[in-house]
Novice: 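Here it is: the structure, laid out below.
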Amino acid sequence: MKILYVGDSSKNGYSLYQYSILKKNFKETKLIDFKKINFFFSLINRLSWHINFSIFDHIIHFYLKNKINENYDLTYIHNEHVLGFKSINFLKKISKKTIFYCPDNPFKLRDNQRWYLLKPNLK
């Protein structure tokens, strides 16, 4: 089973633990961590807490289109808030199933603009 895991790879969170379990059970698991790609994506991640422009979705979509060139059986998205309409639809096209796991509550206002791009696309 081929799995695309979109999430954080820092050792301080639960995301890396989930990825390591998937990698242990399914050898063909690929990780995409937007925060560790380069400085520009790290800056987008930091800015998205305060201002979340739709241009971020276009940048992420462009990156995904150029980076991913194969289909997957499952796309597992762990708490990524920079994904918007175009990025989510692209991830749906390249996989049979798409799962979004969000331990936070995106409908609370305590996170400022963090979930602005994602909330309309949660359905």
Side-chain angles (χ1 to χ4, degrees):
M1 179 178 222
K2 292 173 65 175
I3 299 174
L4 176 65
Y5 187 89
V6 180
D8 192 9
S9 66
S10 71
K11 295 182 180 183
N12 299 330
Y14 188 66
S15 180
L16 183 65
Y17 178 68
Q18 285 183 341
Y19 170 71
S20 63
I21 290 172
L22 284 172
K23 183 75 172 170
K24 182 180 174 184
N25 292 328
F26 304 102
K27 299 298 180 202
E28 292 187 52
T29 303
K30 181 179 176 182
L31 172 70
I32 293 181
D33 184 2
F34 293 125
K35 297 170 193 90
K36 300 219 174 156
I37 294 171
N38 59 25
F39 176 74
F40 184 66
F41 282 96
S42 177
L43 182 65
I44 286 175
N45 184 48
R46 290 182 188 157
L47 283 176
S48 67
W49 281 77
H50 305 290
I51 51 173
N52 212 337
F53 297 118
S54 61
I55 190 73
F56 294 166
D57 180 39
H58 295 287
I59 294 168
I60 297 293
H61 177 252
F62 181 76
Y63 172 78
L64 289 174
K65 251 175 56 173
N66 290 331
K67 179 78 174 175
I68 301 171
N69 54 6
E70 56 189 324
N71 290 331
Y72 292 91
D73 297 321
L74 175 69
T75 299
Y76 188 91
I77 304 167
H78 181 87
N79 208 21
E80 282 298 327
H81 56 275
V82 292
L83 298 176
F85 181 74
K86 286 187 169 195
S87 303
I88 291 172
N89 280 342
F90 177 74
L91 291 172
K92 284 181 180 180
K93 285 180 186 176
I94 63 160
S95 65
K96 295 177 185 174
K97 289 279 188 185
T98 304
I99 297 173
F100 178 76
Y101 175 70
C102 182
D104 296 335
N105 187 355
F107 301 106
K108 289 288 187 180
L109 298 177
R110 68 176 172 256
D111 291 333
N112 296 336
Q113 295 290 319
R114 182 178 182 201
W115 302 104
Y116 177 74
L117 288 175
L118 186 70
K119 273 197 282 189
N121 304 307
L122 284 178
K123 60 182 184 262

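Keep in mind that this is a model prediction, so the values were computed, not measured.
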Novice: Tell me, please, which residues at least two apart from I94 pass side chain to side chain contact (heavy atoms under 4.5 Å, CB included).
Specialist: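 Counting only residues at least two positions away or on another chain, I94 forms a side chain to side chain contact (heavy atoms under 4.5 Å, CB included) with L4, I68, N71, Y72, F90, L91.
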
Novice: If I take atom CD1 from residue I88 and atom OG1 from residue T75, how far apart are they, to the nearest 0.5 angstrom?
Specialist: 11.5 Å

Novice: Please identify each residue that fulfils side chain to side chain contact (heavy atoms under 4.5 Å, CB included) with S20, with sequence neighbours left out.
Specialist: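 Side chain to side chain contact (heavy atoms under 4.5 Å, CB included) check on S20 returns Y17.
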
Novice: Could you give the distance from CG (D8) to CD1 (I32), rounded to the nearest 0.5 Å?
Specialist: 13.5 Å

Novice: Considering non-hydrogen atoms only, spot the tightest contact between K27 and K24 and give its length.
Specialist: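 Smallest interatomic distance, heavy atoms only, reads NZ-O, 3.5 Å.
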
Novice: For L64 versus S87, what's the shortest heavy-atom pair and its separation?
Specialist: CD1-CB, 4.2 Å

Novice: Would you check if there is a donor-acceptor pair between the side chains of Y76 and Q18 at a distance under 3.5 Å?
Specialist: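 Yes - a donor-acceptor pair under 3.5 Å links their side chains.
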
Novice: According to ring pair (Phe, Tyr, Trp, His ring centres under 6.0 Å), who are the partners of F62, at least two apart in sequence or on a separate chain?
Specialist: none

Novice: Any side-chain heavy atom of Y5 within less than 4.5 Å of one from K23?
Specialist: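 No; the side chains remain at least 4.5 Å from each other.
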
Novice: Taking only residues two or more places apart in sequence or in another chain, which ones pass side-chain hydrogen bond (donor to acceptor under 3.5 Å, both in side chains) with Y19?
Specialist: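 Partners of Y19 under the side-chain hydrogen bond (donor to acceptor under 3.5 Å, both in side chains) test: none.
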
Novice: Quick one: are I77 and I99 in side-chain contact, heavy atoms under 4.5 Å?
Specialist: no

Novice: E28: what forms a side chain to side chain contact (heavy atoms under 4.5 Å, CB included) with it, not counting sequence neighbours?
Specialist: K2

Novice: Partners of F26 by side chain to side chain contact (heavy atoms under 4.5 Å, CB included), sequence neighbours excluded?
Specialist: M1, I3, L22, T29

Novice: Main chain of K86, side chain of D57: is a donor-acceptor contact present, judged purely on distance under 3.5 Å?
Specialist: yes

Novice: Do you know the tightest heavy-atom contact between S95 and L74?
Specialist: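 What the structure gives for the nearest pair is CB-C, 4.3 Å.
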
Novice: Following the transitive rule for hydrophobic clusters with a side-chain heavy-atom cut-off under 4.5 Å over Ile, Leu, Val, Met, Phe, Trp and Tyr, establish whether L31 and V6 coincide in one cluster.
Specialist: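 No; tracing contacts between hydrophobic side chains, which count when under 4.5 Å, never links both residues.
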
